[in-house]
Amino acid sequence: MTHRETTVGVLGAGLSGVAMGMQLRRAGIDDFVIYERQPDVGGTWYRNTYPGLHCDVPSHLYSYSFEPNPDWSMVFSGQGEIQAYIRACAEKYDLIQQTRFATTVDAARYDADRGAWHVEISGGDTSQHRVLVSATGGLTGPRFPRIEGLRDFGGPLWHSGAWRDDVDLTGTHVAVVGSAASAVQVVPAVADRAARVTVFSRTPNWVMPRYNRHYTPDEQDRFRTDERAVQAVRRQQYRMSLLWYQAFQKKPSAIEKLRRAGLSNMRKSIDDPALIEALTPDYEPGCKRILVSDDYYPALAKDHVQLVPQGVSALTPDSVVAVDGSTTKVDVVIFCTGYRLGGRDDGSPAVEVYGRDGRRLAEVMAERAAAYRGIAIPGFPNY
């Protein structure tokens with residue numbers, strides 16, 4: 001067992017952890033270490049590799065403000081390009097050498113006598129930090145629904161968050177379970193490969209057009225030579241995002257504008273009244289996460305794609321059973337059913353954190369989820 005003492009410890013090397021490391025460098029602080037379970041930086045953009053994966057936020061806005069990227073290829077770039085951007089930032093700020101990869105932190109305990117955090121690492125190593133930064137994220141652990149027969153299905157079965165590239169979907173009948181953020185990207189990609197696709201949608205979502213496109217060479221040249229051009233497009237994209245914010249704040253005009261955009265996006269591709277009814281949410285835009293896609297509705301309109309507006313109650317060795325009892329024989333099942341925010345299979349946190357008097361962070365937050373400016377929690381000094 002080895003013991004290390006470092007001023008700052010950062011848990012996670014995704015977007016937030018890399019941002020923390022970059023800002024520490026900018027502040028002239030070099031006495032820090034980043035812990036990362038995976039063999040590379042990137043967090044959710046390293047773990048998730050399903051086909052069609054793009055960010056819902058425009059690329060120039062989904063960038064560190066102090067590290068603009070003039071080379072984004074698209075308005076909404078894909079997973080590989082985002083992962084490469086995070087990696088490039090980590091390399092530029094020499095964060096790779098400050099990161100302990102393939103390292104799992106099990107627990108962190110505050111030592112009031114020393115005014116420091118004692119970190120326990122899988123394998124028996126320990127470390128100590130005056131400041132501990134949590135950047136563990138929440139979109140890495142796939143969550144499967146609690147349904148009967150999950151282990152009984154005889155064909156390939158996986159979650160979008162743990163994509164399998166070793167299965168050829170050509171000529172197969174694929175069931176996609178879910179209709180939220182991952183599903184609206186997975187379904188079009190699967191529909192391009194499989195002979196038949198059945199989508200099980202428990203609850204419809206508002207899907208806005210993405211209007212994605214490639215930047216022209218002239219635009220990219222301008223971004224490379226004129227920093228003000230990048231700043232201008234970033235400001236424009238930020239202003240456009242305010243419409244969603246206004247909907248979340250329940251502003252009627254914003255809600256109505258998004259409703260019209262969502263319905264128009266749907267009706268451009270779908271003319272079946274029954275399918276339109278099944279895809280139209282019974283709640284207003286802004287009550288749940290708003291999705292974006294240019295190809296989800298066109299995929300659902302294809303002859304070999306069927307929507308079942310039901311949740312899934314069970315699996316059999318060769319079929320998916322919907323809540324209404326209907327059974328669909330399929331070859332492959334892909335779950336697009338979200339992530340375990342707890343981090344572990346049993347729903348517990350990715351890292352168990354204990355503050356003053358041994359109080360467990362998860363219990364404190366269960367009593368009252370509050371933090372000063374969303375960052376500092378009473379009873380957990382310098383965490």
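What's counted below: heavy atoms across the whole structure, side chains too, no hydrogens, waters or symmetry copies.
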Which residues pass the salt bridge (Lys or Arg N to Asp or Glu O under 4.0 Å) test with Arg164, not counting sequence neighbours? Asp166

Taking salt bridge (Lys or Arg N to Asp or Glu O under 4.0 Å) as the definition, give me every residue that meets it alongside Glu277, ordered by chain and number, with sequence neighbours left out. none

Is there a side-chain contact between [X] and [Y], using heavy atoms and a 4.5 Å cut-off?
| X | Y | answer |
| --- | --- | --- |
| Leu315 | Asp152 | no |
| Val332 | Trp158 | yes |
| Trp117 | Phe380 | yes |

One pair to check against side-chain hydrogen bond (donor to acceptor under 3.5 Å, both in side chains): Gln236 and Arg239. What are the steps and the verdict? CA-CA 5 Å; Gln236 179 190 32; Arg239 285 194 295 269; over 6 Å; no

[X] bridged to [Y] by N-O distance under 4.0 Å:
| X | Y | result |
| --- | --- | --- |
| Lys329 | Asp318 | yes |
| Asp94 | Arg25 | no |
| Lys302 | Asp192 | yes |

Donor on one side chain, acceptor on other, [X] and [Y], under 3.5 Å:
| X | Y | value |
| --- | --- | --- |
| Asn48 | Tyr339 | yes |
| Tyr35 | Ser127 | yes |
| Ser326 | Gln310 | no |

When you look at CG of Asp271, are more than 12 heavy atoms from neighbouring residues, nucleotides or ligands closer to it than 6.0 Å? no

Within the supplied structure, the quantity of interest is the number of heavy atoms (other residues, nucleotides, ligands) at a distance under 6.0 Å from Arg202 CZ; does it exceed 12? no

Side chain to side chain donor-acceptor pair (under 3.5 Å) pairs touching residues 242-261, sequence neighbours excluded, are Arg259-Glu284

Assess the pair Trp72 and Tyr215: is the distance between their ring centroids shorter than 6.0 Å? no

Would a single hydrophobic cluster contain both Leu263 and Tyr283, if residues Ile, Leu, Val, Met, Phe, Trp and Tyr are joined by side-chain heavy-atom contacts under 4.5 Å? yes

